[in-house]
Protein chains: 2
Amino acid sequence: MEEQSEAMGSGTNGLQGLREMTQERQQHNAGSSSEPETHQYDVNKYERPSVTVDVLMMSLRQRDLQILLIKRRSWPYEDMWAIPGGFINMNESLEAAAKRELQEETGVQDVYLEQLYTFGDPGRDPRTRVITVVYFALLDSERLQVRAASDAADVGWFSVYELPQLAFDHQEIVDYALNRLRNKLEYTTIAFNLLPEQFTLRELQRVYEIILHKRLDKRNFRKKILSTNILEDTGAKKMEGPTVPRACIASILPLNINYKAILLRSEFNGY
Amino acid sequence: MEEQSEAMGSGTNGLQGLREMTQERQQHNAGSSSEPETHQYDVNKYERPSVTVDVLMMSLRQRDLQILLIKRRSWPYEDMWAIPGGFINMNESLEAAAKRELQEETGVQDVYLEQLYTFGDPGRDPRTRVITVVYFALLDSERLQVRAASDAADVGWFSVYELPQLAFDHQEIVDYALNRLRNKLEYTTIAFNLLPEQFTLRELQRVYEIILHKRLDKRNFRKKILSTNILEDTGAKKMEGPTVPRACIASILPLNINYKAILLRSEFNGY
DNA sequence: AAAATAGTGTCTTTAAGACAATATCTA
DNA sequence: TAGATATTGTCTTAAAGACACTATTTT
């Protein structure tokens with residue numbers, strides 16, 4: 001799927017021929033329609049908004065919660081970063097469109113994917129009315145590492161805590177997603193999706209700490225997680241290593257006791 | 001807003017004139033298009049889906065959780081009941097469309113309204129591709145009573161526990177909404193929106209019992225609610241009455257101690 | 001007085017949070 | 001052996017759930 005900038009690429013074209021607005025029985029519009037009411041009538045009548053599916057891909061990289069962004073190449077918001085997305089095909093489901101986007105951007109499949117929210121304020125895209133159904137995906141860092149090298153100049157991972165200015169209403173989308181993620185952390189096992197199959201409790205705790213953006217007590221965390229009996233002890237590997245440089249990724253080093261999730265009851269969706 | 005059947009009325013027209021969509025590099029269609037590849041190419045290529053906003057209006061009536069449905073008059077699903085909804089206008093926000101729908105159907109304003117989910121499977125509407133952004137609304141029974149009389153033959157309130165067969169994927173939508181509502185009951189004050197401004201604890205408990213579909217312990221319920229300090233004691237009225245016939249509505253009779261919500265922290269939205 | 005409802009308190013269990021010392025590994 | 005990390009348990013507090021009796025109202 002193309003990024004929005006290009007997808008929209010017919011670009012300025014979009015702005016003309018889009019003058020319609022189903023004005024007919026538009027009495028209810030009252031306050032909102034402050035434009036000149038010229039020839040609006042027939043042109044607008046049967047217009048449909050564009051529908052896109054955006055996918056906010058989140059992953060843990062460098063001990064940070066990062067998202068994938070794409071640099072726009074054209075108006076509007078030229079040179080700004082945006083959440084990848086594209087138009088939906090007429091014969092694919094919303095989720096299929098999201099998966100396609102995901103596949104195209106990162107090459108990964110079978111990752112956690114959840115519908116986040118639908119954003120559709122008129123004016124959120126200056127070209128035309130665009131309603132976007134946003135999904136978010138959680139990618140485990142290990143599988144992602146492989147493809148990470150192929151980053152082009154106009155694709156990049158950014159910390160959710162230090163984002164550049166984003167195009168459209170995309171900052172709002174990120175905020176919404178972060179909220180959703182934090183909430184679900186508390187009552188689902190959604191966090192496991194950010195880790196490879198095997199991981200230490202320390203690593204899991206770090207996931208929570210990074211997302212919640214606060215330190216957690218080690219003993220209480222272990223108690224809580226283990227009490228749920230969703231983890232299975234695999235054979236023991238060992239520690240992250242003592243004098244290890246900060247930047248090193250845990251998975252490179254020998255690990256301590258490995259736990260493996262056996263029951264993921266994260267089949268919830270968006271309540 | 002008209003019900004979908006009529007809204008769709010511009011009908012087949014809608015399919016033409018909507019040709020933009022910058023399909024340009026749309027090679028990605030691949031797996032999903034399993035239909036004969038005849039002229040699909042140009043017809044579908046620039047087509048846009050229709051977007052509707054449906055509103056599931058919920059209220060407590062006759063000690064039951066009921067929703068408003070509309071009887072369809074034409075194909076498809078002729079004579080079946082459906083959730084009211086309609087096309088979105090080009091210059092109104094999704095929420096504005098939902099409010100408009102709400103206003104048209106029930107005449108009420110300023111009610112609790114929350115975006116539920118967006119349903120968009122191809123084939124959910126046999127006429128054309130329709131993506132629907134669903135909202136749900138909670139109406140307090142008192143204000144609603146007024147307008148309830150104006151029910152036409154093709155509009156009706158139905159118990160969520162005894163629904164007729166619904167058109168489209170609307171049963172799925174109801175299930176989804178009921179789940180959302182039940183979950184939010186636990187950690188928000190969303191339930192207050194189903195009651196008038198003043199109510200007894202007994203009435204509030206009944207709301208919970210009806211929605212959760214199970215009995216609750218009176219003492220524990222009161223303890224829990226009162227411990228949150230979100231209720232304010234208004235002057236005392238009295239009981240629902242002893243030998244009262246089952247069918248009678250609580251609000252008609254003298255009430256017991258009235259509590260009034262003072263802090264509604266139900267400003268949450270759909271995490 | 002009979003029938004229905006309103007109102008109230010204790011005990012137990014569970015989960016969460018605060019908190020510090022010892023053992024192990026690697027350079 | 002110095003520096004970093006791994007591991008472990010107790011106490012307190014808060015919330016949830018199970019549970020039964022008395023008082024009041026109306027017909």
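Lettering of chains follows the sequences in order, A, B, ..., and the numbering in each one begins at 1. Computed over heavy atoms, backbone and side chain alike; hydrogens, waters and symmetry mates excluded.
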Enquirer: Quick one: do A/Glu209 and A/Lys214 satisfy salt bridge (Lys or Arg N to Asp or Glu O under 4.0 Å)? Show the steps, please.
Expert: CA-CA 5 Å; A/Glu209 289 179 336; A/Lys214 68 178 181 190; over 6 Å; no
Enquirer: Residues two or more places apart in sequence or in another chain: which of them pass side chain to side chain contact (heavy atoms under 4.5 Å, CB included) with A/Ala167?
Expert: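 For A/Ala167, the residues satisfying side chain to side chain contact (heavy atoms under 4.5 Å, CB included) (neighbours in sequence not counted) are A/Arg72, A/Tyr77, A/Met80, A/Ala82.
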Enquirer: To the nearest Å, give me how far apart CD (B/Gln205) and P (C/dA6) are.
Expert: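 So the two atoms are 9 Å apart, to the nearest Å.
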Enquirer: Tell me the interatomic distance from A/Leu226, atom CG, to D/dA6, atom P, rounded to whole angstroms.
Expert: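 Rounded to whole Å, this separation is 15 Å.
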Enquirer: What pairs with A/Glu172 under side chain to side chain contact (heavy atoms under 4.5 Å, CB included), at least two apart in sequence or on another chain?
Expert: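 If we apply the side chain to side chain contact (heavy atoms under 4.5 Å, CB included) test to A/Glu172, skipping adjacent residues, the hits are A/Phe119, A/Asp169.
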Enquirer: Just how far, in rounded Å, is C1' of D/dT7 from CG of A/Leu231?
Expert: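 Going from A/Leu231 (CG) to D/dT7 (C1'), I get 16 Å.
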Enquirer: Which residues pass the side-chain hydrogen bond (donor to acceptor under 3.5 Å, both in side chains) test with A/Thr118, not counting sequence neighbours?
Expert: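 If we apply the side-chain hydrogen bond (donor to acceptor under 3.5 Å, both in side chains) test to A/Thr118, skipping adjacent residues, the hits are B/Thr118.
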Enquirer: Name all residues meeting the salt bridge (Lys or Arg N to Asp or Glu O under 4.0 Å) criterion together with A/Arg219; count only those two or more places apart in sequence or in a different chain, and write none if there are none.
Expert: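 Residues passing salt bridge (Lys or Arg N to Asp or Glu O under 4.0 Å) with A/Arg219: A/Asp217.
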Enquirer: Find the distance A/Glu203:CD to D/dT7:P and express it as a whole number of Å.
Expert: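 From A/Glu203 CD to D/dT7 P: 11 Å.
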Enquirer: Could you tell me how far apart A/Phe221 (CZ) and D/dA6 (P) are, to the nearest whole angstrom?
Expert: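 The answer, rounded to whole Å, is 13 Å.
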Enquirer: To the closest 0.5 Å, what do you measure between CG (B/Leu178) and CZ (B/Arg180)?
Expert: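 B/Leu178 atom CG to B/Arg180 atom CZ measures 12.0 Å (nearest 0.5 Å).
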Enquirer: Grab the CZ-C1' distance between A/Arg202 and D/dA6 for me, whole Å please.
Expert: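 Value for this atom pair: 9 Å.
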Enquirer: For residues 155-166 of chain A, pull every pair meeting salt bridge (charged side-chain N to carboxylate O under 4.0 Å, His left out), keeping only residues two or more places apart or in separate chains.
Expert: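 Counting only pairs at least two positions apart or across chains, no salt bridge (charged side-chain N to carboxylate O under 4.0 Å, His left out) contact touches residues 155-166 of chain A.
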Enquirer: Look at the side chain of A/Thr188 and the backbone N and O of A/Ile190, then say whether any donor-acceptor pair between them is shorter than 3.5 Å.
Expert: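 A pair under 3.5 Å: yes.
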Enquirer: Under 4.0 Å, heavy atom to any atom of DNA chain D: which of residues 207-215 of chain A qualify?
Expert: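 Heavy-atom cutoff 4.0 Å gives no residues at all.
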Enquirer: What dot-bracket string describes DNA chain D from 5' to 3', counting Watson-Crick and G-U wobble pairs whose defining distances are under 3.5 Å, with [ ] for crossing pairs and | for pairs to another strand?
Expert: |||||||||||||||||||||||||||
Enquirer: Quick one: A/Arg222 CZ to C/dG17 C1', roughly how many Å, whole number?
Expert: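 So the CZ-C1' distance, A/Arg222 to C/dG17, works out to 17 Å.
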Enquirer: Listing time: all N or O pairs from protein to nucleotides 12-18 of chain D that are below 3.5 Å?
Expert:
{"unit_1": "D/dG17", "atom_1": "N7", "unit_2": "B/Asn220", "atom_2": "OD1", "d": "3.4"}
{"unit_1": "D/dG17", "atom_1": "O6", "unit_2": "B/Lys223", "atom_2": "NZ", "d": "2.7"}
{"unit_1": "D/dA18", "atom_1": "N7", "unit_2": "B/Asn220", "atom_2": "ND2", "d": "2.8"}
{"unit_1": "D/dA18", "atom_1": "N6", "unit_2": "B/Asn220", "atom_2": "OD1", "d": "3.1"}

Enquirer: Could you walk me through whether B/Val155 and B/Leu69 pass the side-chain contact (heavy atoms from CB on, under 4.5 Å) test, one step at a time?
Expert: CA-CA 6 Å; B/Val155 179; B/Leu69 296 175; over 6 Å; no
Enquirer: Please list, chain by chain and in numerical order, all residues satisfying side chain to side chain contact (heavy atoms under 4.5 Å, CB included) with B/Lys223, sequence neighbours excluded.
Expert: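 Once residues adjacent in sequence are excluded, the partners of B/Lys223 under the side chain to side chain contact (heavy atoms under 4.5 Å, CB included) criterion are B/Asn220.
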Enquirer: Nearest whole Å is fine: how far is C/dT8 C1' from B/Lys218 NZ?
Expert: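 Distance check: B/Lys218 NZ to C/dT8 C1' gives 10 Å.
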Enquirer: What residues, two or more places apart in sequence or in another chain, satisfy side chain to side chain contact (heavy atoms under 4.5 Å, CB included) together with B/Asp64?
Expert: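 B/Asp64: side chain to side chain contact (heavy atoms under 4.5 Å, CB included) contacts with B/Gln66, B/Ser159, B/Tyr161.
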